[in-house]
Amino acid sequence: MDEVLKIVNDIKNGTIRPLYFLMGEEPYYIDKLATYIEEKILTEEEKGFNQTVLYGRDVTIEDIISTAKRYPMMAERQVVIVKEAQDLIRTIDKLESYAENPMATTVLVFCYKYKTLDKRKKLSKLLTKNGVVYESKKLYENQVGDWIKRVLAGKKYAIEPKASAMLVEFLGTDLSKINNELEKLQIILSAGSTITPKHIEENIGFSKDFNVFELRKAIGERNQLKAYTIAENFAQNPKDNPMMVTTSLVFGFFIQLLKYHGLKDRNPKNVAAVLSVNPFFLKEYDVALKNYPMKKVSQIVGALRDIDVKSKGVGANAMSHSDLLREMLYKIFN
């Protein structure tokens, strides 16, 4: 995020480079930077003749270079943005000649999503020398909560840890999806508000009581009544709670417990880092650690692998969603 802010601030201050190669597994910041360049470098009057958006699947490197070598019309510079540039992966090295001597009056932007250049190659070195190369890396699950807090704080909002965990639980680490949902909430809630699990449930559609997050908590506490109640709700809403997803997340929980049992350094900071969880939720893991000895955890991991296979239709004899959930809980609690 600091690197993104630096690129934005440089552009604001007039330090505009002729080449921007935006690449990496996380498309959120690639889109944000491309949009910023698209909106801010030229005035509205200049954009008509001097701003071009191309798509990797529709053009060749030669087409892009030809466009980039044009002179601007009645403006200091032109902007050329190549979206979905990863579609040019097989011929991207042909950009070397242009990267060696880019047009000073052109701002050429590549949105190279889900891929990265080989930093050892000549092209990468030329782009770094004569432009800006930004790699947008995928965040780990335990980093997304802090990202959510920072994004919201910048817009004068806050969020409760459980509400943040619900978003990560159901949307994963896709920052674009998470940001879209946060923007919906910002339309509804006034600045200065704190987003709660109730807000998530009422406006995004994730139940604060019947979700995998609460199921794992009930399992950790060995609260069988609550766990079976949640499972029954899942069985009645199978489209919203796919068995494979449920199994995967419960399996991940017990893998984390297995790691916890093996830790010598149980300092909360170290535990949170090793388990990749928000420190706020460590108490739940402490409870589960006491309720499930290491030998039992190992047995459960094996049983969950078997349930996962059955959920995919292998040797399950067409077991229903409800039956699979009950079998999963039975093997955990017994």
Side-chain angles (χ1 to χ4, degrees), residues 140-145 159-173 196-198 200-201 206-235 237 240-308 311 321-322 324-334:
Y140 293 110
E141 189 172 312
N142 64 317
Q143 297 174 313
V144 179
I159 188 167
E160 291 183 6
K162 184 177 177 182
S164 178
M166 286 172 70
L167 285 171
V168 178
E169 190 79 54
F170 293 99
L171 298 175
T173 59
T196 67
K198 187 176 181 181
I200 301 292
E201 180 177 31
F206 308 141
S207 170
K208 65 182 175 64
D209 297 316
F210 299 107
N211 57 64
V212 176
F213 180 76
E214 288 298 319
L215 177 63
R216 293 196 314 189
K217 183 179 178 183
I219 288 170
E221 294 172 347
R222 293 193 69 85
N223 186 336
Q224 296 190 40
L225 177 60
K226 184 178 179 181
Y228 277 101
T229 301
I230 295 171
E232 187 59 34
N233 179 273
F234 282 13
N237 302 279
D240 296 331
N241 305 282
M243 188 65 203
M244 283 186 285
V245 174
T246 302
T247 307
S248 174
L249 292 172
V250 174
F251 178 81
F253 175 69
F254 280 100
I255 289 293
Q256 288 172 312
L257 279 186
L258 206 56
K259 290 180 181 177
Y260 199 170
H261 272 295
L263 282 179
K264 291 182 180 178
D265 179 3
R266 294 191 176 179
N267 177 283
K269 187 175 180 180
N270 182 58
V271 174
V274 172
L275 302 189
S276 298
V277 297
N278 188 314
F280 179 85
F281 299 103
L282 280 184
K283 287 181 181 178
E284 293 176 14
Y285 285 83
D286 289 337
V287 170
L289 195 74
K290 293 174 183 175
N291 285 331
Y292 297 93
M294 192 170 190
K295 185 178 179 181
K296 178 61 178 175
V297 173
S298 298
Q299 291 172 351
I300 291 170
V301 166
L304 288 171
R305 285 200 178 102
D306 180 54
I307 295 290
D308 181 55
S311 73
H321 192 179
S322 179
L324 283 168
L325 284 166
R326 288 197 190 98
E327 183 176 337
M328 180 184 76
L329 293 178
Y330 177 81
K331 289 187 175 180
I332 289 171
F333 290 129
N334 293 282

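Residue indices begin at 1 and follow the sequence shown. Just so you know, these numbers come straight off a predicted model, no measurement behind them.
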Contact summary for T246 and N241, nearest pair of heavy atoms: OG1-O, 4.0 Å

With a sphere of 6.0 Å drawn around OH of Y330, does it hold more than 12 non-hydrogen atoms of other residues, nucleotides or ligands? no

If you measure from CD1 on I230 to CG on L225, what distance do you get to the nearest 0.5 Å? 10.0 Å

How about Q143: does its CD atom have over 12 heavy atoms from other parts shown lying under 6.0 Å from it? yes

With a 4.5 Å heavy-atom cut-off, do S276 and E141 have their side chains touching? no

Does a salt bridge link K226 with E214, judged by any charged N lying under 4.0 Å from a carboxylate O? yes

Separation between CE of M166 and CD of E160, rounded to the nearest 0.5 Å: 10.5 Å

I want to check something: taking the side chain as every heavy atom from C-beta on, are N211 and E201 in contact at a cut-off of under 4.5 Å? no

Looking only at atom types and distance, does a side-chain atom of Q256 sit under 3.5 Å from a main-chain N or O of L275, one as donor and one as acceptor? yes

For side chain to side chain contact (heavy atoms under 4.5 Å, CB included), just list the numbers for I159 and L167, CA-CA rounded to whole Å, side-chain angles, deciding distance to a tenth of an Å, and then say yes or no. CA-CA 11 Å; I159 188 167; L167 285 171; 4.0 Å; yes

Angle between ring planes, F281 versus F213, binned at 30° and 60°: parallel, tilted or perpendicular? perpendicular

Indicate the atoms forming the closest heavy-atom contact of V297 with F254, along with that distance. CG1-O, 3.4 Å

If you count every heavy atom of other residues, nucleotides or ligands that lies below 6.0 Å from K296 atom NZ, does the total exceed 12? yes

Would you check if F210 and N237 make a side-chain contact, meaning some heavy-atom pair closer than 4.5 Å? no

From I200 atom CD1 to S164 atom OG, the distance as rounded to the nearest 0.5 Å: 8.5 Å

Where G145 and V168 come nearest, the two heavy atoms and their spacing: N-CG2, 4.4 Å

Pairwise side-chain contact, S298 with L258, heavy-atom cut-off 4.5 Å (strictly under): yes

Heavy-atom closest pair (A227 atom, A218 atom, distance to 0.1 Å) is N-CB, 3.8 Å

Would you list the atom pairs, donor with acceptor, under 3.5 Å between side chains in residues 262-269 and any protein atom, with sequence neighbours excluded?
| residue | atom | partner | partner atom | Å |
| --- | --- | --- | --- | --- |
| D265 | OD1 | N267 | N | 3.0 |
| R266 | NE | L263 | O | 3.3 |
| R266 | NH2 | Y260 | O | 3.3 |
| R266 | NH2 | H261 | O | 3.1 |
| N267 | OD1 | K269 | N | 2.9 |

H321 to P242 - nearest heavy-atom pair and separation: NE2-C, 4.4 Å

Answer yes or no: is there a side-chain heavy-atom contact under 4.5 Å between R326 and E232? yes

What's the separation between atom OG1 in T247 and atom CE in M328, rounded to the nearest 0.5 Å? 6.0 Å

What distance do I300 atom CD1 and F251 atom CZ have between them, rounded to the nearest 0.5 Å? 12.0 Å

I need the L324 CG to L329 CG distance, nearest 0.5 Å. 11.0 Å

So, does Y292 use its side chain to make a donor-acceptor pair with the main chain of I219 at under 3.5 Å? yes

Less than 4.5 Å apart, side chain to side chain, heavy atoms only: is that true for K217 and F253? no

